Amino acid sequence: MSVPMPEINLVPLLPEIVIALAAMGLLLAGAWRDKESGGTLAGYGAMAAILLAAVITWIGADVKMGETFGGMFIADPFAAFMKMLMYAGALFPILMAWDTLHRLEMRTLEYFVLILFALLGGMIMASSGDFLTLYLGLELMSLSIYVLAGYRRDDALANEAGLKYFVLGSLASGLFLYGVSLIYGGTGGITFTAVQEAMGAGGTTHLGTRLGVVLVAAGMAFKIAAAPFHMWSPDVYEGSATPVTAFMSALPKIAGFAAIYRVLPGAFASLHEQWGVILQFLSVVSLAVGALAAIPQTNIKRMLAYSSVGHVGYALIGLVPGSVLGYRAVMVYLAIYLFMNMGTFALILVLGRDGIGESIQDYRGLAHKRPVLAAIMALLMFSMAGIPPLAGFIGKLHIFMAAVNAGHVGLALVGVLASAVAAFYYLRIVKILYFEQPEAAFQMPVGGFSGLVIAVSALLVLVWGVQPGRLLAWVEWSVTPFM
Amino acid sequence: MLSLVTFLPLVGAAAILFAVHRDASARIVALGVSLATFLLSLGLYAAFDTSTAEFQFLEEVPWLPGLGIAYRMGVDGISLSLLLLTTLLTPICILASWESIKTRVREYMMAFLALESFVIGVFCALDFLLFYILWEAMLIPMFLLIGIWGGPRRVYAALKFFLYTLAGSVVMLIAVLVLAHQGHTFSIPELMKLHLPLNVQVWLFLGFFVSFAVKVPMWPVHTWLPDAHVEAPTAGSVILAGILLKMGAYGFLRFSLPMLPEASHYFAPFIYGLSLVAVVYTALVALMQTDLKKLIAYSSVSHMGFVTLGLFAFNRLGIEGGVLQMINHGLVSGALFLLVGVVYDRLHTREIARFGGLALRMPVYATLFMVFTMAAVGLPGTNGFVGEFLVLLGVFATSKGVATVAATGVVLGAAYMLWMFKKVVFGEIRHADVDALTDITPRELALFVPLLVLVFWIGFYPDPFLRLLHASVNGLLTQMAAGGVGAEHATLVAP
């Protein structure tokens, strides 16, 4: 008996192949080098690989590359959009941390290789066409990030972060996998299209299948740190080295949202009522946690952890209605969130020195010493708070508009009220920067790479706030698979 | 043309950021830019056609076409008069900060110019989202103005100001989105033609009310104002009282009344109630104040109560009186804050008990103080009288009881203003530093001259100002009548 082999076309896989080859090649090449030069080589190699993959994705997004491996892997405009965000989410942490990594003695081969592997995992998630591919990407990404979180082996907090993330993350993966098995049992399908057809045709859905949907949703909620599955994130954010935190705040969330897009409106299209309620619950709880729990924080990384829980809450609002406007809104929101976050972490890295820069109070009076950096920080904080005319407002506007147009006025109201509460802790940063007298000298130089990241992020926050047309057009085109 | 007036100050701010590096030249650039803006706005006034209620100087550029959002600008008589108030007060404010602001002058001037841009934009925007963006954007420079250059409790005041206003505004955002969803556009003139069922109107009205009431501010959400006023630098208080408070009343006038006429009618007793509490209660609170700025701040709440009373009288006299009262209050409270600033620069105190006998050392100052106090009290011959009188007439036509209670507010207003004037200006000199005071400088005098002229001009011959409003207010009343509201009142009192 011969097993029919699906036709395998490797072209849609090119970006992934580039990243995978680069990661493995650098691992080998590093073996012949000493620690120092191997790290530098891997760093430049990783940058080059990411740029190359970005170019391929950019070109490939125009010529439709389609599916391969019998529908297990999908390269569509949506995947291209998410991958472009992920490239930025991987490249920026490398660039901004170039000097810091050197100082922390983290500019080593393994660091960059792990980032590449995590990126590869995220890319596979965005392109997944069935639950197995999705799980494969999810685990590759997660395992790499567990190691990154605990990368500073001699640091107790980092060890705690790595272990905590690993234990809880494995639990979430287990939930996810159990959910997948239930869905397989209920529908007999493992690809998203098969599941969708089986559920749509069946009319009624078995209780076990619905339990599976809940478990899958919970597993993904953990990855994007949506409350109440966010407990790990403040500790892990705080304990990890700041460059890792920056990386962690972006890539897994974007990949997680990409997976949610594939699974909820894709595979579970006919169960919109069920997962709509789940998302509504997740978003309201996330908004509340993000707004309230960030207020008492004194550590800026912990504060940002809670703040990103809040941002995930906003993004989830956009998915609740299951409308195209909503799907677009979330993509806009993610793109803007990414750059606001990257800019903020780049500033924290530039200003941080030997334990200074972790506490919010360390930034007292920055505006008196470094007016430009302080102005950018204030800009990013106002943008995160959603004050127009900055990009953060455009993101929130789209989200609330999607909710209101679908009749979810109450949910939108919760969202805006949460944003008013959250404005308090963003403003507190501005207050500390501007209204207080400086104690520290703030004489840190801004390296070329980190300056680039800061400048690009600040510029995008300004430009997208006033003229978001290009971003919107791109999103409009990328969302076509869900129309 | 309108965009030029709106964004010239912002361009000025950018010019200071990139090209001007010395404090002295930043002052000159800021003053020059704001004066140029004022002259341009006078040009708008000259070209304005007072015979039509249509929006004029229209501009429309596609912005986010997928969402029905465009860059739409235009003014009618109501917004033009507030625009003129803004462009007049800003150069005065900049001149008032000439010497009193010593630290980070460039940043200060930039914040001020940006603020002017956003506020003008709020009055000119004919796209609801543009309006909202500018309405919120204005918070950033004001937050910095209070927080960086303010008094000892500036951080508390700045945060309170920002969060109070933001909490109100975000609810308005939802109302805007709902309204735009109903009307399939963000264009304000288009949305004015929309007829919504009463239950939708009621909810939308409440959404807008939260935001506008905080801004006006109406009792009981006025508590941010005394704090913000007291801690803000002099020019900040002037702009806050003179212009920012008008944005709330403008919101009622531009959106609530024409777009939600039935709901406005439905809620009118509620608004009357809150306005009366504001007029009477805050006047009583003002009587108790020992801090000059706080007293004027509370008097602002009281005066703005008159404005909301007039607007919700739904007749021509009430609405025109309300708008005129907005302008009067902008001029007079602005002048009073400037007067406080003059003595504060010299003595660094605002405590009423620390003054006394200023008339003996500062005769010119005392005279000015008297004129503006009288205008605030509403003495016939000053602008305050015209505004209050029109409002009371309009309200009287709607409800005699409300008008009677409101009139007691005028008496109380006279009580606290005259009491304050007596304590500060008359009496004997009891403090050595007061004895050493010198009269106001020519620069300071220059601040008051335009305000003084307007006080008497509007007081004796308000017609040129009211003429600006007639057509627009008529248009508004027609629109409300089409919504089934206020028709009988509109004809009750003939012009």
Side-chain angles (χ1 to χ4, degrees), chain A residues 325 328-329 367-368 371-372 375 378-379 381-383 385-390 393-394 396-424 426-428 430-436 465-469 471-473 475-476, chain B residues 10 17 62-69 71 103-104 106-107 110 118 121 129-140 143-144 146-150 154-156 158-182 184 186 203-204 207:
Chain A
L325 190 63
R328 283 210 305 244
H368 296 263
V372 178
L379 191 79
M381 288 301 128
F382 280 124
S383 174
I387 309 293
L390 302 167
F393 171 73
I394 297 290
K396 288 202 167 73
L397 171 74
H398 278 77
I399 295 284
F400 296 141
M401 207 165 173
V404 166
N405 288 8
H408 292 282
V409 179
L411 191 57
L413 212 52
V414 173
V416 291
L417 291 177
S419 81
V421 176
F424 171 74
Y426 295 123
L427 282 184
R428 196 177 54 173
V430 178
K431 180 204 102 177
I432 284 167
L433 295 177
Y434 276 87
F435 303 170
E436 293 186 8
V466 180
Q467 196 46 272
L471 175 67
L472 300 185
V475 165
E476 208 162 313
Chain B
L10 203 60
L17 174 62
W63 185 21
L64 304 175
L67 306 175
I69 297 164
Y71 173 81
T103 52
R104 301 160 95 185
R106 286 175 63 234
E107 285 91 337
M110 278 157 53
F118 296 147
L129 199 81
L130 184 65
F131 169 84
Y132 182 80
I133 287 178
L134 293 163
W135 170 282
E136 288 251 292
M138 167 242 108
L139 292 179
I140 299 177
F143 174 69
L144 296 176
I146 299 176
I148 298 178
W149 294 278
R154 61 185 194 279
V155 174
Y156 170 76
L159 279 173
K160 191 169 177 180
F161 160 76
F162 196 103
L163 292 175
Y164 243 97
T165 341
L166 182 72
S169 312
V170 294
V171 179
M172 173 166 76
L173 176 64
I174 298 299
V176 169
L177 291 175
V178 172
L179 192 60
H181 182 56
Q182 301 277 344
H184 305 290
F186 280 88
W203 285 109
L204 287 176

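Since we're looking at a predicted model, the values are computed, not measured.
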Could you have a look at [options] and say which one has the most heavy-atom pairs with chain B under 4.5 angstrom?
| options | result |
| --- | --- |
| A:L413, A:V404, A:V416 | A:V416 |
| A:L325, A:I387, A:V409 | A:I387 |
| A:R428, A:M401, A:K431 | A:M401 |

Are [X] and [Y] close enough that some pair of their side-chain heavy atoms sits under 4.5 Å apart?
| X | Y | result |
| --- | --- | --- |
| B:F118 | A:P388 | no |
| A:L417 | B:V171 | yes |
| B:Y132 | A:L397 | no |
| A:E436 | B:V155 | no |

Which atom of B:W63 lies closest to which atom of A:G465, heavy atoms considered: CZ2-O, 4.5 Å

Minimum-distance pair of heavy atoms, taken over all atoms of B:I174 and A:A412: CD1-CB, 3.4 Å

A:F400, part contacting chain B, at a heavy-atom distance under 4.5 Å: both

Residue A:A367 versus chain B: region with a heavy atom under 4.5 Å: both

Using non-hydrogen atoms only, which part of [X] is less than 4.5 Å away from chain A: side chain, backbone, both, or neither?
| X | value |
| --- | --- |
| B:L64 | side chain |
| B:A180 | neither |
| B:L129 | side chain |
| B:W203 | neither |
| B:L173 | side chain |

Mutual orientation of the aromatic rings belonging to B:F143 and A:F382 [parallel < 30°, tilted 30-60°, perpendicular > 60°]: perpendicular

Interface residue of largest heavy-atom contact number with chain A, from B:L166, B:L134, B:L139, under 4.5 Å: B:L166

